[in-house]
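Structure first, then comments.
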Amino acid sequence: MVVQIEDSQLVKKYIQGDEKAIEALINRHNSRLTGFIYSKVGDRELTEDIFQDTFMKVIRTLKKGAYNEEGKFLPWVMRIAHNLIIDHFRKHNRMPMYNSKESYNIFSLLGDEKLDAERQLIKEQIDTDLVRMIKELPEDQQEVLEMRIYKDMSFKEISDNTGVSINTALGRMRYALINLRKLVEANSIVLTN
Amino acid sequence: MEKIYTDKTEKCTLVKARPETIEFLLAYSKSLDITETKGLQFESNLN
């Protein structure tokens, strides 16, 4: 008949300096803990890393004499592993974070990046207003603004394309923006979504 | 009679941490030393 020493006994022996005790504990719970970690992370290498970190923490805590959960060794180890798994996912942003308040909004987790119908309409309105106002600008300013904003050209490229110096192109852009602001004010247009 | 081939190509192995990981942990345990001075604990690794 094989008599199995209780976890709590092994923990006690380990704290007293018996290194064999930790070996017995690791081997006893190896399969269960590995299975638990693997079921959460689904990656063999990562499971190995988290298993290692878990027992390193266990060893440190036991050696420091900070363990006080006699008889509940495995749940304690599982909790350490669970926390390390959460830390891993937080670091890699794979799990959405939500607080435990009752008022949390599920749509803040499920929402996509797209604008909703109302905001989409507002955006279209703003775009139309802007295009209309740009057309009211003097032609040289209009040209620089379109190249810079819509064609994403650098001022060097604008200067090459229009045959004016970079400073002139910069000046035209500056005046284009000043005049646009004046037009926005004059027409009482709200350009925010 | 039809031949039945029952050779298993894949064996299901029990998920367990590798022996190297266990060895590392045991070595870590042996080398870790905690000393306490004036209520402060210090960790040192005696390799």
Side-chain angles (χ1 to χ4, degrees), chain A residues 7 10-68 73-74 76-78 80-81 84-85 88, chain B:
Chain A
D7 282 354
L10 287 169
V11 168
K12 217 174 264 174
K13 279 181 168 219
Y14 179 63
I15 293 170
Q16 285 161 1
D18 183 357
E19 289 291 331
K20 284 268 167 204
I22 194 75
E23 190 175 353
L25 282 168
I26 294 173
N27 287 329
R28 181 178 291 176
H29 302 298
N30 184 343
S31 168
R32 207 153 159 206
L33 187 66
T34 309
F36 168 74
I37 300 168
Y38 189 77
S39 72
K40 307 276 179 211
V41 300
D43 180 280
R44 197 71 187 81
E45 294 302 315
L46 188 58
T47 302
E48 208 78 32
D49 285 351
I50 294 176
F51 180 91
Q52 188 175 299
D53 290 348
T54 304
F55 268 104
M56 280 172 81
K57 191 152 192 191
V58 167
I59 289 166
R60 269 205 307 275
T61 311
L62 292 179
K63 285 218 171 190
K64 279 181 181 172
Y67 174 72
N68 57 4
F73 180 74
L74 186 62
W76 173 61
V77 176
M78 297 280 236
I80 294 175
L84 287 171
I85 293 166
H88 166 79
Chain B
M1 197 183 151
E2 199 177 324
K3 278 183 182 174
I4 302 167
Y5 298 94
T6 54
D7 272 359
K8 284 175 190 166
T9 48
E10 249 179 85
K11 275 184 188 168
C12 177
T13 50
L14 204 64
V15 192
K16 267 189 165 188
R18 292 194 193 105
E20 304 91 82
T21 309
I22 311 291
E23 264 171 48
F24 168 83
L25 285 168
L26 297 178
Y28 173 77
S29 168
K30 278 180 195 153
S31 65
L32 183 69
D33 189 50
I34 310 275
T35 40
E36 201 173 332
T37 326
K38 293 175 188 171
L40 290 172
Q41 285 185 324
F42 297 97
E43 277 180 35
S44 51
N45 225 294
L46 313 163
N47 270 318

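Looking only at heavy-atom pairs under 4.5 Å with chain B, the residue among A:I59, A:N30, A:L33 that has the most is A:N30.
Salt-bridge formation is not detected for the pair A:E23/B:K30: no Lys NZ or Arg NE/NH1/NH2 atom is positioned less than 4.0 Å from an Asp or Glu carboxylate oxygen. Between A:K12 and A:D18, none of the side-chain N atoms (NZ, or NE/NH1/NH2) sits under 4.0 Å from a carboxylate O, so this pair counts as no salt bridge.
Residue contact with chain B, scored on non-hydrogen atoms closer than 4.5 Å, is absent for A:R32. Residue contact with chain A, scored on non-hydrogen atoms closer than 4.5 Å, involves the side chain of B:I22 exclusively.
Defined by atom type and a distance below 3.5 Å, a donor-acceptor pair is present between the side-chain atoms of A:E48 and B:T21.
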Subject >> side-chain hydrogen bond (donor to acceptor under 3.5 Å, both in side chains) between A:D49 and A:H88, worked out >> reply: CA-CA 11 Å; A:D49 285 351; A:H88 166 79; over 6 Å; no
